[in-house]
Every structure is written in structure tokens, then in C-alpha cells.
Amino acid sequence: MTSLKLFLGFFLQFIFLLSVVNAQGLTVGFYSQTCPQAEAIVKNVTAQVMSVAPSLGAPLMRMHFHDCFVRGCDGSVLLNSSTNQAEKDAAPNLSLRGFQVIDRVKSALENACPGVVSCADILALVARDVVVALDGPSWEVETGRRDGSVSNITEALTNLLPPGSNITQLISGFQQKGLSVKDLVVLSGGHTVGTSHCSAFTNRLYNFTGNGDTDPSLDPNYIARLKIKCPQGDQNTLVEMDPGSFRTFDEDYFTLVNKRRGLFQSDAALLNNNETRAYVISQLSNSSSTFFTDFGVSMVNMGRVGVLTGTAGEIRKVCALVN
Ligand code: HEM
Ligand SMILES: *[C@@H]1O[C@H](CO)[C@@H](O)[C@H](O)[C@H]1NC(C)=O
Ligand SMILES: *[C@@H]1O[C@H](CO)[C@@H](O)[C@H](O)[C@H]1NC(C)=O
Ligand SMILES: *[C@@H]1O[C@H](CO)[C@@H](O)[C@H](O)[C@H]1NC(C)=O
Ligand SMILES: *[C@@H]1O[C@H](CO)[C@@H](O)[C@H](O)[C@H]1NC(C)=O
Ligand SMILES: *[C@@H]1O[C@H](CO)[C@@H](O)[C@H](O)[C@H]1NC(C)=O
Ligand SMILES: *[C@@H]1O[C@H](CO)[C@@H](O)[C@H](O)[C@H]1NC(C)=O
Ligand SMILES: *[C@@H]1O[C@H](CO)[C@@H](O)[C@H](O)[C@H]1NC(C)=O
Ligand SMILES: CC(=O)N[C@H]1CO[C@H](CO)[C@@H](O)[C@@H]1O
């Protein structure tokens, strides 16, 4: 009798574990036994940073994206290279900022629970916490990632999609990471916050095809405004991607894209596919917008890309250095 109970107990626990641990071995609350305060500590440090430097929110969210698209979400974006050959040395890194925030979170965690929380998980948790601080949605972050040991500049250049990407390239780039067309259009909505250097879109304003022309898929009134901000040859000025509310995580991105005011060709390209266009249009009215819920779901999907779990990888002591 007792052994039957015991067996049933094990069996039910097994079923329970199967239901919460996804295929990659990530789970919500991975640190609940080993470092119960982990998520509160991350939230605490992030909230303090955001109260004094809200402009770091957007680049910190982007950092998790750049981590996941190169070698999976393994913290490789944080690694330093003595010869400047790491992911962070690649051109798309230009606006990656906030590495010192990740270091602050890591030290707080190392004080509380040395050697337990991975840098890759810190990136995933911080990405959620900055979105909340920017008045966006919240979601449950799966944890249990471990840190990789390789960061390669060439891999960043081949895996991060350039802003000039067309819809075919975007869909296939996401597909290669196991992400869907819906994930693509939803996650592109991350461009509701933050800024871009003129260099990412100036080709649309001047000499688009080599005939002194502009990009016909960009609203001509908007082109005139952008030309004032980014005179020809200016690569470095920062432009708000969602003008007026670039520090608020809202649904405006889809309104902009629909008005042909998406800043990058990759934003405009979302109108060139039935499924992505239908999603853009479905988000135009506040009352029917599903973006906030969808964003959490797609961030969880992105957070599963190529993760190291179990005994793979390591828990770095310092996020910029392999142990
Ligand atoms: C779909 C393909 C994507 C392309 C081609 C793309 C491209 C870019 C480019 C060129 C910039 C401007 C960098 C600069 O010049 O400063 C940028 C900024 C940004 N991206 Fe994306 N991105 C994509 C997807 C995403 C995703 C999935 C997220 C997150 C969910 C994201 C979040 C951001 C944020 C928050 C910024 C602003 C960063 C800041 O304020 O410093 N992007 N992106
Ligand atoms: C959050 O930070 C404050 C100020 O540094 C500190 O007093 C508090 O104990 C922290 N809470 C947690 C859960 O770390
Ligand atoms: C990593 O590189 C950055 C920028 O070069 C530097 O500020 C930081 O101190 C380095 N971190 C470590 C642990 O070496
Ligand atoms: C970086 O990755 C590229 C492309 O996969 C590879 O050819 C190169 O050898 C790698 N570099 C290092 C230092 O491992
Ligand atoms: C996208 O770009 C690729 C590479 O330049 C090109 O071969 C393809 O025809 C383009 N597709 C669309 C739909 O523009
Ligand atoms: C526009 O591009 C063409 C072809 O690359 C080049 O010959 C021309 O000089 C450019 N014009 C300007 C104003 O940059
Ligand atoms: C996209 O929609 C248009 C009109 O709604 C239809 O004619 C076309 O076949 C659709 N394309 C695809 C690839 O489904
Ligand atoms: C949605 O709400 C925002 C702010 O609450 C408002 O500015 C915007 O006009 C609304 N959009 C629509 C389509 O109702
Ligand atoms: C912040 C940072 O690491 N910037 C680097 C980005 O990559 C270029 C090379 O493409 C380096 O020169 C920057 O130092």
C-alpha cells in the first residue's frame, strides 16, 4: 500500500515536472530553491537603474535579442575579447549599452547566492523588468539557462539581421531560430521604444537606388522630417523610433508602420506579407490590441533559442569573462 502511494506520488510529480519544464529544460522559477530572492534582486537593481537612467531600458531589452540570435541565449553577447573579436565588437553593437547594469545585477546576485544565477538568465529577466518599467506588459520568464564560452564577431554579423532586410530575409532569419512569422511581427514591436543612429536608415532618405531618389515605401512627409534630423552623411545622430513616446512601451509602433512611418526597411517590410500585414492592421485599435499579451509570449519563445541547460555550459562569475 505504502509503496503504491509512493509510486503514485513519484508518478504525479513526474507528470507535474513534465508540464512545467519545457523541452529545452527551462522552467519558470528555476531558482526558487537555490536562490529564492534572485528575481526580486534583479527587479530591484533594474528598477533603481531605470529611475535614474530610463534611456537604458531600450538597449537592455535589445541586448537579450542580440544574445539569443547569436549562439542562442547563452550570455555570449556579454563576453569581452582581448583582441576585439567578440560579438560586442561587431558593427550592429553600436548602440548596445548598459553592460554595467548587467554587471551590477550580477554582483548583487553573487553576494546573495554565489555561482548560482547565469548571466544569460540575467539578460532575460532584465529584459522583462525594463519593459515593465517602461509601462509595458509583464510576463513569466523561464530560467535555467547556462552561460556559453564563445563569442565570435563573424557570427554576430551573419546572425543579426540588417535594417535593410526585406520580408523574405526577415521571415527566414527568424525561422532559422525556430521563431514564427507571428514572432517576427510581434517582436518587431520592440521598436516602440528606443533610438536609432541615422546610419541605420539614411539610405532611405538619399540616393535609395543610386538615382538620387528616396524610398517609395516611406511617407514623403516623414522623409522631409527625417532629413532635417539626419543631413546627408550624418551617421551618428540619434533619432527616436517612436517619436514622442520612445520611452513608453505602447502599441504605437503598429500605427507608425501602417502610416508608412516605420523607421527601417525591416519595419516597412511588415506590410509586404499577408500575415504580418494582417497583424499590423489588427493592432490599430486600442480596444482590440493583443500586442501586450503577444509580446510576452514571443519573448518567452525567443528566450528558448539555442539555450544551454543541465550540465552544459557554466555559471559565469563575471559576465564579461569565461570562468
Ligand atoms: C526584426 C529584425 C530587427 C532588425 C533588422 C532590427 C534593427 C535595429 C536597428 C538597426 C536598430 C538601431 C541601432 C542603432 O543604430 O542605434 C535597432 C534598435 C532597437 N531594436 Fe531592433 N531590430 C530587429 C528586431 C528587434 C527585436 C526582436 C527587438 C526586441 C524585442 C528589438 C529591439 C530594439 C530596441 C529596443 C532598439 C533601440 C535600442 C536603443 O535605444 O539603443 N529589435 N534595431
Ligand atoms: C532592494 O534595494 C534596496 C535598496 O538598495 C534594499 O534596501 C532592499 O533590501 C533590496 N531588496 C531586495 C529584495 O534585494
Ligand atoms: C570588458 O570590456 C569593457 C570595455 O572594453 C571594460 O569596460 C570592462 O572593464 C571589461 N570587463 C572585464 C571584466 O574585463
Ligand atoms: C568565428 O566564426 C566563423 C564563422 O563561423 C569561423 O569561421 C571562425 O573561425 C570563428 N572564429 C574563431 C576565433 O573561432
Ligand atoms: C529579398 O532580398 C533577397 C536578397 O537581396 C532577394 O534575392 C529577394 O528577391 C528579395 N525578396 C523580396 C521579396 O524583395
Ligand atoms: C548616388 O549613387 C550613385 C551610384 O552609386 C553615385 O554614382 C552617385 O554619385 C550618388 N549620388 C550622390 C549625391 O551621392
Ligand atoms: C495575400 O492576399 C491577397 C489578397 O488578399 C491574395 O490575393 C494573395 O493570394 C495572398 N497571398 C498569399 C501568399 O497568401
Ligand atoms: C490609443 O490610445 C492612445 C493613448 O491612450 C491614444 O493616443 C491613441 O489615439 C489611441 N488610438 C486609437 C486608435 O484609439
Ligand atoms: C561598445 C562597443 O563595443 N563598440 C564597438 C562596436 O564595434 C565596433 C567595430 O565594428 C568597435 O569599434 C566598437 O568599439
Side-chain angles (χ1 to χ4, degrees), residues 45 49 53 56 59-60 62-64 66-111 114-115 117-123 126 147-164 169 172-173 176-177 198-218 220 223-224 226-237 265 305-306 308 312-323:
V45 177
V49 168
L56 284 178
L60 282 168
R62 184 170 182 234
M63 205 183 278
H64 181 44
H66 279 211
D67 187 32
C68 293
F69 266 60
V70 189
R71 289 196 160 258
C73 318
D74 69 342
S76 53
V77 70
L78 302 170
L79 287 173
N80 274 5
S81 153
S82 52
T83 52
N84 297 326
Q85 295 296 303
E87 287 168 32
K88 49 165 85 149
D89 301 307
N93 73 358
L94 256 168
S95 71
L96 282 186
R97 296 185 296 131
F99 291 105
Q100 76 287 1
V101 176
I102 304 300
D103 292 341
R104 267 181 66 182
V105 172
K106 180 62 170 171
S107 334
L109 287 167
E110 287 297 299
N111 280 337
V117 182
S118 69
C119 298
D121 278 347
I122 293 174
L123 288 172
V126 166
D147 298 322
S149 55
V150 176
S151 184
N152 178 323
I153 184 170
T154 316
E155 291 177 355
L157 293 172
T158 50
N159 286 280
L160 293 169
L161 294 151
Q169 294 166 315
S172 112
Q176 280 168 33
K177 303 296 166 191
C198 296
S199 55
F201 57 87
T202 191
N203 68 315
R204 307 182 75 192
L205 313 180
Y206 307 100
N207 220 1
F208 185 58
T209 66
N211 297 314
D213 53 344
T214 57
D215 184 346
S217 72
L218 189 55
I223 289 181
L226 290 172
K227 279 183 164 173
I228 295 169
K229 295 203 150 97
C230 300
Q232 194 160 16
D234 177 352
Q235 307 287 321
N236 289 323
T237 299
Q265 284 165 277
V305 173
L308 302 171
E314 63 178 14
I315 305 297
R316 268 179 230 149
K317 292 191 177 66
V318 174
C319 289
L321 304 175
V322 172
N323 287 348

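Counting starts at 1 for both ligands and their atoms, in listed order.
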Numbered in order shown, the ligand 6 atoms found under 4.0 Å of a heavy atom of Asn207 are 1 (C), 2 (O), 3 (C), 8 (C), 10 (C), 11 (N), 12 (C), 14 (O)
All heavy atoms of Leu226 vs all of Phe201, minimum pair found to be CD2-CE1, 4.2 Å
TODO: Answer yes if a protein heavy atom lies under 4.0 Å from atom 11 (N) of ligand 6, otherwise answer no.
DONE: yes
The closest protein heavy-atom partner of atom 5 (O) of ligand 6 is Gly210 CA, 4.6 Å
ask   = Does atom 2 (O) of ligand 6 have a protein non-hydrogen atom under 4.0 Å from it?
value = yes
Self-check item: Distance-only polar pair, side chains of Ser149 and Arg316, donor-acceptor under 3.5 Å
Solution: no
Cut-off 3.5 Å, side chains only: do Asn203 and Gln265 have a donor facing an acceptor?
yes
Here the atoms of ligand 4 under 4.0 Å from any heavy atom belonging to Asn152 are 1 (C), 2 (O), 3 (C), 8 (C), 10 (C), 11 (N), 12 (C), 14 (O)
Q. Short check: is a protein heavy atom less than 4.0 Å from atom 14 (O) of ligand 3?
A. yes
**Message:** Regarding Asn84 and Ser81, do their side chains bring together a donor and an acceptor under 3.5 Å, going by distance alone?
**Reply:** no
Report task. Would you sort out whether Asp147 and Asp74 count as a side chain to side chain contact (heavy atoms under 4.5 Å, CB included), showing the intermediate values? Result -> CA-CA 5 Å; Asp147 298 322; Asp74 69 342; 5.9 Å; no
Is it true that a side-chain atom of Asp67 and a backbone atom of Ser76 form a donor plus acceptor pair closer than 3.5 Å?
yes
If you scan protein heavy atoms around atom 8 (C) of ligand 3, the nearest is Asn80 ND2, 3.7 Å
